[in-house]
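Structure first, then comments.
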Amino acid sequence: MFPAAPFQAGPVPILPGVRMKGVGFAYRRALRAQFSRRMLLLSSAPLALSLVLWGTLLWTGLQPLLDWLHGAFAEYEIFQQTGSVLAMLGLGVLKVMVVPLLAIALLLPLIIGSALLFMGVIAMPVIERHVGNTQYPKLEKKQGGSFIGSVAINVGSTAVFAVLWLFTLPLYAVPPVAWLVQACLWAWVTSRVMSYDALAAHASLDERRELMRRHRGALLAIGFASGLAGALPGIAWMGGALLSVVLFPFLAMLSLWLYIMIFLFAGLWFQYYCLGALEELRSTAPAPVVQA
């Protein structure tokens, strides 16, 4: 008797409408699970870690960062240059807010990245076990991912996200454009990070790659929809800087809570969709040929 053949993706096509129907079905399931006691308690761990980390960093490092930026702007005469540009745009009153806004712009991707990392490492394995055990108890676990792999893809993707974020900073002058661009960045980073975490325990390496290929559009759609909500705290925080530098820490803490809740919902959405897609993939894959 020959050994069973390794996994090979079947040639069965999946129509876009079927994928979008799966996205909507996963959305409804995630929405119901989002505010359950279990999920709300689960969000407390990454939230607490984020608050402790950034509460400490902002308390001890915000003023030194502002002082350093002020010194750099004065040394290289950046104040004069930015003042001229803002005056041309009719925004000369914002000259005194350039340094605080730049500080926020530098800190915001780091805050988002830390929240995403804590969610991926702490919350996503629990979400995967919860959804897998309750909704897909018969789905075989092939352990195609690992904790180290999760950390690596989280850190690597967040680093790229942070660099791209900095390049898009000028778009904050046009908030609607900034909102859409930030949502696109979120779509990319969350589809990579959360798809990996959602499939780490259940899918094999080949299955995960095949699912990412087949469902790339649907996964990006979930990421983009989550990103439309996820980009709002950053824009609100940038806008809050125009009110008072004193609001920095409070707006940062509020943003952290919002990011954690958005990431929690996005994690559930990805989880339900990915496990449903994995179950469908296995059901349509050709059975291995067994010859006596």
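Side chains are part of it too, since the values below use all heavy atoms of this structure and drop only hydrogens, waters and symmetry mates.
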State whether the side chain of [X] and the backbone N or O of [Y] hold a donor-acceptor pair below 3.5 Å, judged by distance alone.
X: Glu207; Y: Ser204; value: yes
X: Thr168; Y: Trp165; value: yes
X: Arg282; Y: Glu140; value: yes
X: Arg208; Y: Leu199; value: no
X: Ser44; Y: Leu41; value: yes
X: Ser157; Y: Asn154; value: no

Output, in order, the C-alpha distance, side-chain angles, deciding distance and verdict of side-chain contact (heavy atoms from CB on, under 4.5 Å) for Met39 and Phe35. CA-CA 6 Å; Met39 291 299 107; Phe35 298 103; over 6 Å; no
If you compare all heavy atoms of [X] against all heavy atoms of [Y], which two are closest, and at what distance to 0.1 Å?
X: Ile122; Y: Ala45; answer: CG2-CB, 4.1 Å
X: Phe263; Y: Met119; answer: CB-CG, 3.7 Å
X: Ser191; Y: Leu219; answer: CB-O, 3.9 Å
X: Phe270; Y: Gly223; answer: CZ-N, 3.8 Å
X: Ile262; Y: Ser226; answer: CG2-O, 4.0 Å
X: Cys274; Y: Leu211; answer: O-CD1, 4.5 Å

To the nearest 0.5 Å, what is the distance between [atom1] ([X]) and [atom2] ([Y])?
X: Ile153; Y: Ser195; atom1: CD1; atom2: OG; answer: 8.5 Å
X: Leu258; Y: Leu47; atom1: CG; atom2: CG; answer: 10.0 Å
X: Asp206; Y: Lys142; atom1: CG; atom2: NZ; answer: 9.0 Å
X: Leu275; Y: Arg29; atom1: CG; atom2: CZ; answer: 9.5 Å
X: Ile127; Y: Leu42; atom1: CD1; atom2: CG; answer: 5.5 Å
X: Gln34; Y: Leu40; atom1: CD; atom2: CG; answer: 7.0 Å

Verify the ring-centre separation between Trp269 and Tyr273: is it less than 6.0 angstrom? no
Are [Y] and [X] connected into the same hydrophobic cluster when the rule is that any two of I, L, V, M, F, W, Y join if their side-chain heavy atoms are below 4.5 Å apart?
X: Leu220; Y: Phe224; value: no
X: Leu65; Y: Leu57; value: yes
X: Leu116; Y: Leu166; value: yes
X: Leu281; Y: Val131; value: yes
X: Leu53; Y: Ile111; value: yes

State, yes or no, whether a side-chain contact exists between [X] and [Y] at a heavy-atom distance under 4.5 Å.
X: Gln271; Y: His130; answer: no
X: Asp67; Y: Gln63; answer: yes
X: Thr158; Y: Ile112; answer: no

Side-chain donor-acceptor contact under 3.5 Å, His202 with Tyr136: no
Can you list the steps and then say if Tyr27 with Phe265 is a ring-ring contact (aromatic ring centres under 6.0 Å, His included)? CA-CA 9 Å; Tyr27 172 85; Phe265 176 77; 5.5 Å; yes
Could you walk me through whether Ser43 and Met261 pass the side-chain contact (heavy atoms from CB on, under 4.5 Å) check? CA-CA 7 Å; Ser43 68; Met261 297 305 296; 4.1 Å; yes
Determine whether Val121 and Asp197 satisfy the following criterion, side-chain contact (heavy atoms from CB on, under 4.5 Å), listing intermediate values before the conclusion. CA-CA 8 Å; Val121 173; Asp197 291 332; over 6 Å; no
Just checking Trp188: does its CH2 atom have more than 12 heavy atoms from other residues, nucleotides or ligands closer to it than 6.0 angstrom? yes
Take Tyr259 and Trp186 through the ring-ring contact (aromatic ring centres under 6.0 Å, His included) test and state the conclusion after the steps. CA-CA 12 Å; Tyr259 284 130; Trp186 276 65; 5.7 Å; yes
For the pair Met212 and Tyr196, evaluate side-chain contact (heavy atoms from CB on, under 4.5 Å) and give the outcome as yes or no after the intermediate values. CA-CA 9 Å; Met212 291 294 293; Tyr196 181 95; over 6 Å; no
